[in-house]
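The sequence lines fix the lettering, A, B, ..., with proteins before strands; numbering per chain opens at 1.
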Amino acid sequence: MSETTLAKGYEPEEVEARWLTFWAETGAGTADPDAPGVPFSIVIPPPNVTGALHMGHALNLTVQDILCRHMRQMGRKVLWVPGTDHAGIATQNVVERALAAEGSSRHEMGREKFVERVWEWRKDYGGRILNQIRRMGASVDWTRERFTMDEGLSKAVREVFVRLYEEGLIYKGDYIINWCPRCQTALADLEVEHSPKKGALYQIRYPLADGSGELVVATTRPETMLGDSAVAVHPEDEKYQDYIGKFVKLPLTDRTIPVIADAYVDREFGTGALKVTPAHDMNDFDLGRRHNLEVIKVMDGEGNMNEAAGPAYQGLSREVCRKRVVEDLKTAGFLVQVEEHDHSVGECYRCKTVVEPHVSPQWFVKAGPLAAVARSAVETGKTQIIPEQWTTTYYHWLDNIRDWCISRQIWWGHRIPAWTCETCGKLIVSRQDPDACPCGGALQRDPDVLDTWFSSALWPFSTLGWPDSTKELKAFYPTSVLVTGFDILFFWVARMMMMGLHFMDEVPFKHVYIHALVRDAEGKKMSKSTGNVIDPLVMIDKFGTDALRFTLTAFAAMGRDIKLSEDRIEGYRHFVNKLWNAARFSMMNLPETIPAASLDGELPLHHAWILHRLEEMKQSTAKAIEGYHFNEAAQGLYSFLWLEFCDWYLEMAKADLNGEDEAVKATAQKCLWTVLSELLTLMHPIMPFVTQEIWSHLPGHEQKDLSKVLYPEARPQHVKPEAVAQMTLLQEIVVSVRNIRSELSISPGAKLECMVRTGDAADLATLRANERMIVQMARLSGFTAGPDVTAPKASASAAAGGNAVFVPLAGAVDFDAELARLNKELAKTSKEAEIVGRKLANEDFTAKAPAEVVAKEREKDEMLRGKVEKLEELKARIESLKG
RNA sequence: GGGCGGAUAGCUCAGCUGGAAGAGCAUCGGCCUUACAAGCCGGAGGUCACAGGUUCGAGCCCUGUUCCGCCUACCA
């Protein structure tokens, strides 16, 4: 495979497939807890088994992979745990849909058969997203892949549940919760999405039972009035003082309900009188508890009215019932007015059905004590959230946390380990399935399962083998960093913090890196229903994984969303190809055996310069990645490769490589090989495939697996800042000749002379030493430099720093064009010079600004003044020739 | 209602502790120069949302305003 030539264009598809197989076979991501090195560990945010890879995953995986590959290069012992979660509601929905298509249902099948069926489904389709993760090039440890429903993790879930119960942090009770009438299960507060809806505010007359008057209440849900058990007013509301303690007759029913006083009531809203329906409204439920009101459920679990709603309404859906109630109220004269009213309505985040507050027996985690610990871990810096701005959000949520409803009335998930005795009613929560109640009675197991997030909350330690004490736990907990989007900061991150601290006594991760959300080109959230999704796998097929990864990296600036479009990915494919071609060129010029030429002595400027820049790149790239500034790493590498390595260094090295001097050639080959090799290493974490492919063809490396090559060591002997200044001078001269050529419309092929007049001995030395390079880069037929070069009459001119550049012209010189050119340059330069001059003339500046800043300004001033002087001189020359 | 973020070139965005306004794409002109036309060379393009303030110096810090996002909340 060690061809020293590369194909003309980079073909990602074939290359990626080949290296994916290679890395799979060699177990590239497999971690060894016993290996030496400082551990670095990440647990993947487990994607939903029913899911398919989307751009959010692609970014998330790219970031994690960059970190893991980089840390391996730094000699760290890296573990990246992959896996999926069982997504209770979503998965159950998917399988139920399949059953419906077959004309069956879970109820028909029974619980056991249904769960079996879900396992089958997961066996067939659950691997899809894992394969997609593979295609991203994610260097995870496949030997440690986990699933929230697998045996080990289920054991952890059970242990946690039992312990929390024993500690009094889990309790069961009749409470009002969010209920999805379609999914037929409870939802946690977080699983309810609120969206504004146009609705109406109805005012209804409630006559006093003693006939002495009436109260008008306002509501957006008139149908719930059938379950009202009180009317509440503010205790200090003067207009209602006389009503408190009296009773009203509830219209459409034969019930009489009390008027109570509670400060919760907002006197300004509506009429200031609130109907209270404890069974069907969260706030009314609390109110009802405070006042011991009756909880009257008028709806069943499917959102239909039940017997308690009265014979006229029983069996109606909540929507139909609303219409009927309004009509009846109107007919009976109880409806005072109806006005338009916008309010927010909660919907199930899985199926978008309007949720119904519902009173039922549920299990809760007492969140307060856990939240306090989770908060202080961030306050004290044990866990750092990056970017920092998210800590406020994190605190805010923990400070206002409510108890977490963890039971779900579905079948797919971890079944709650609780049993009730049919004889004595005793509740048993146990690690082992009990056979019978101590009283001898038969036991009935709680039918509910746990919220999926309950098991996800244990992920950082359950995946490492907890509750057993394993090598993995010892080596890799706490994990180094959690990489995720802010959308699950509460769902997941905060809960992992609570559980990790409670059960491990240590934070689950030292850093939390919150990355951007990927949006479409217009900034809209990508969603299937909007039809604006960009499928990462389609992009990979089209442009290659590296192009996609590089694009996401380049745009992954902290604290901002990414607007992604196909064009951008296509653009970065050009970059991948540029790298490929630079390597292709290099290899055409490299021998099988890399010359032993030393790079440590005095080197020609272009070598010294690129080696110096390479040293800077090594430093800045590592710093950027380790500081989570991924876009900086990408952008730095982009411009280094394209603008410095390709546009200048390779072009200059051509002269050496094509020349006759074997020693010069050997040095160039060694330098080229060195820079390319190390550059590939630096780019590898971002673009694993193309770099690996090139590396495998590059001669002189025994380790053919780039993913195992360490980060290049610093070479202090190559740090030569003065090389940059000298190179800048060369570049300025070359660019000024090119500029003359372009602006005076001289064909690129025409050979030109160039002479530079310089009074600076150092500059002169640089120019003389690099004559050959200037000739090559500016396409000259000859170059001379000296302190007293005289300008030929017919010549174009420019200023490079304080030096005058002349390009003799064969034909007639267009003096006006030449003057225009010089004037343009002069205007720009003198404007800059003026600004700096004003600054230095300001005594406050020279007195108060730091000495180094002032020194820098003086230097700049000198340079600019020299340039202005030169330009004026050149202009005067043209004017005299013209005149 | 509370909180957070954004406003910089035509577009998308960098600009990390205040010290000469940057990149990519698009655009204009010229090039098939033997790694790359998925390319090369050169150019043009900005009152850093607005108004004040602090400072020798502000895109960056402070105050206020406008316009966009997002999160969060029990106003029925």
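- In this entry B:C50 has B:G64 as its Watson-Crick or G-U wobble partner, both defining distances falling under 3.5 Å.
- A salt bridge between A:K831 and A:E834 is absent, with no side-chain N of the basic residue lying under 4.0 Å from a carboxylate O of the acidic one.
- Comparing A:M863 and A:E632 by the nucleotide of RNA chain B that holds the closest heavy atom to each, the one mapping nearer the 5' end is A:E632.
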Nucleotide by nucleotide, 5' to 3', does protein get under 4.0 Å of the base (B), only the sugar-phosphate (S), or neither (-) in nucleotides 68-76 of chain B, counting heavy atoms?
----S-BBB
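- Inter-residue side-chain proximity for A:L579 and A:L680 is flagged as met; some heavy-atom pair is nearer than 4.5 Å.
- A:F555 comes within 4.0 angstrom of the backbone, heavy atoms only, and of no base.
- Two rings, from A:Y394 and A:W390, have their centers 6.0 Å or more apart.
- At B:G19, none of the side-chain N or O atoms of A:K839 fall inside 4.0 Å of OP1 or OP2 (strictly under the cut-off).
- If you check every strand for non-hydrogen atoms under 4.0 Å, A:E570 touches nothing.
- Remark: A:K828 does not engage A:E832 in a salt bridge, criterion side-chain N to carboxylate O under 4.0 Å.
- Within the nucleic acid shown, A:N842 comes within 4.0 Å of sugar-phosphate atoms alone, with no base atom in reach, counting heavy atoms only.
- Interface remark: the A:N581 side chain does not form any donor-acceptor pair with the B:A35 base, using a distance-only criterion of under 3.5 Å.
- Across all strands shown, the partner of B:A23 is B:U12, judged by Watson-Crick or G-U wobble contacts whose two distances both fall under 3.5 Å.
- Annotation for A:E859: atom CD does not count as buried by contact number, only 12 or fewer foreign heavy atoms lying within 6.0 Å.
- OP1 and OP2 of B:C36 both lie 4.0 Å or more from every side-chain N or O belonging to A:K578.
- Counting non-hydrogen atoms under 4.0 angstrom, A:D567 reaches nothing in the nucleic acid.
- Residue-level contact check: A:K654 touches the bases, meaning some heavy atom is under 4.0 Å from a base atom.
- Look at B:G69: its Watson-Crick or wobble partner, with both distances under 3.5 angstrom, is B:C4.
- Neither OP1 nor OP2 of B:G6 sits under 4.0 Å from any side-chain N or O of A:K563.
- Taking 3.5 Å as the limit, the base of B:A35 and the side chain of A:E651 contain a donor-acceptor pair of atoms between them.
- Within the 4.0 angstrom heavy-atom criterion, base atoms lie near A:L864.
- When the side-chain nitrogen and oxygen atoms of A:K848 are compared with OP1 and OP2 of B:G19, none of them lie within a distance under 4.0 Å.
- Atom CG of A:L564 and atom C1' of B:C13 are 13 Å apart (whole Å).
- Between A:R738 and B:G42 there is a side-chain polar atom (N or O) within less than 4.0 angstrom of OP1 or OP2.
- Side-chain rings of A:H511 and A:Y628 approach one another, their centers coming within less than 6.0 Å.
- If you measure from atom CD of A:E693 to atom C1' of B:A35, you get 16 Å, rounded to the nearest angstrom.
- For B:G42, the paired nucleotide is B:C28, the pair qualifying as Watson-Crick or G-U wobble because both relevant distances are below 3.5 Å.
- More than 12 heavy atoms of other residues, nucleotides or ligands lie within 6.0 Å of CZ in A:R267, so this atom counts as buried by the packing criterion.
- Between A:E825 and A:K867 a salt bridge is recorded (basic side-chain N to carboxylate O distance below 4.0 Å).
- Ranked by how close their nearest RNA chain B nucleotide is to the 5' end, A:K623 and A:N739 are led by A:K623.
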